[in-house]
There are 2 protein chains.
Amino acid sequence: MILSNACDYGIRAALYVATQRDRKFVPIREISEKLQISFHFLTKILQILTQANLMTSFRGPNGGVAFARDPNQITLMDIIQAIDGPGIFEKCVLGLSECGDEHPCPLHERWAEIREELRQMFQSNSLARMATKIQQKGFRITDYLGNPNSTIH
Amino acid sequence: MILSNACDYGIRAALYVATQRDRKFVPIREISEKLQISFHFLTKILQILTQANLMTSFRGPNGGVAFARDPNQITLMDIIQAIDGPGIFEKCVLGLSECGDEHPCPLHERWAEIREELRQMFQSNSLARMATKIQQKGFRITDYLGNPNSTIH
DNA sequence: CATATTTAAGACTCTTTTGTCTGAAATTAT
DNA sequence: ATAATTTCAGACAAAAGAGTCTTAAATATG
Ligand code: SF4
Ligand code: SF4
């Protein structure tokens, strides 16, 4: 609805890596299997994140991806902007050009507020903090609906 | 960002028609020219609205489209659901299936609230009421940035 | 009736997004 | 060294979204 498919995948992958605290590099294959995302497609998406200097990668056995800096210092907004581009929170809800207070469309007033709330939602918590909440509260990052703590899955 | 291109066009066209109070049928060609939208594309979009019984149409000279019922009884939400489909305000922000309180993703709590605000934004004002505001406050529904009351445009 | 106007319907093209596949390069382990 | 693992790079294909075009049908006017 607001984010591209690729962006959703990127976020979920980043959150998964964030939950793997003590590990150095997490293989993309593992992420793709756990989250049920196409391996090759996910690879491309994570390459965007490494090129944006949000993640690092390492080839060969024991390789994978990891955060380029402290996950306490990375937000979902960083990932969104890398994948869906900057400025997706600056667009007119009716698709008009030059969105701004000077040339308002009929929804401007309310939309500008909600857009700001969305922005806050995506940048108010770090990946590290979200990972903690995911584990403590059992939030899901996959389509799987069963017990998030089951070892089967 | 949230709505498809087609949906933005549909909304803007509906708002334009709503501002043409006293007239019976407004030709699609006129709408497409005023709003700078491809005539043929807009035709298809408006056909969706007539098939959804939100608008009526009339062929031949003096023909065009009009609202099927009192524009005081139609909201943007009606148009959005007709064009982008029902349930676009019921999806998980991370693209997970079976969105709901029972199987929350990490953003659930906040997203569900914001999603509700969006829904409100789109269904709190009727087309008739919005048309009045557009005219009174000079809100724009086109890319044009100049004086909305100029007769040139 | 003939002509002009206007929507209806649908085929068609173009672009973007999404997803797949192959081979190369880097790294580790044997 | 050789083989196995894993990311990198890019070509390729499939699907969806956006937009164009042509023809038919309905209506009005002269
Ligand atoms: S009304 Fe809101 S969305 Fe529309 S142009 Fe103004 S700021 Fe942008
Ligand atoms: S967290 Fe929100 S968006 Fe995600 S599945 Fe639950 S309700 Fe849907």
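Per chain, numbering begins at 1; letters A, B, ... match sequence-line order.
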Between I88(B) (CD1) and dA16(D) (C1'), how many Å, whole number? 16 Å

By the side chain to side chain donor-acceptor pair (under 3.5 Å) test, which pairs, at least two apart or in different chains, include something from residues 46-58 of chain B? none

May I ask you to verify if any side-chain N or O of S38(B) is less than 4.0 angstrom from the OP1 or OP2 atom of dT20(D)? yes

R69(B) bridged to D78(B) by N-O distance under 4.0 Å: yes

Atom-to-atom span, CD of E30(A) to P of dT5(D) - whole angstrom: 15 Å

Side chains of Q135(A) and R21(A): do they bring a donor and an acceptor to under 3.5 Å? yes

Whole-Å distance separating the CZ atom of F41(A) from the C1' atom of dA11(D): 16 Å

For L42(A) and dC21(C), give me the distance from atom CG to atom C1', rounded to whole Å. 16 Å

Please determine whether the number of non-hydrogen atoms from other residues, nucleotides or ligands lying under 6.0 Å from atom CZ of R129(B) exceeds 12. no

Between I31(A) (CD1) and dT6(D) (P), how many Å, whole number? 12 Å

In whole Å, what is the span from the CD1 atom of I45(A) to the P atom of dC8(D)? 14 Å

Strictly below 4.0 Å: does Y9(B) bring a side-chain N or O up to OP1 or OP2 of dG19(D)? yes

Protein within reach of the bases, or only the backbone? For nucleotides 3-14 of chain C, mark each nucleotide 5' to 3' as B, S or -, using heavy atoms under 4.0 Å. --BBBBS-B---

Spacing of F25(B) atom CZ relative to dA28(D) atom C1', expressed in whole Å: 14 Å

Would R115(A) pass as a cation-pi partner of F89(A), given that its NZ or CZ must be under 6.0 Å from the six-membered ring centre and within 45 degrees of the axis? no

Distance alone, cut at 3.5 Å: any donor-acceptor contact between the side chains of Y16(B) and E30(B)? yes

Just the rounded figure in Å: distance from P of dT27(C) to NZ of K24(A). 17 Å

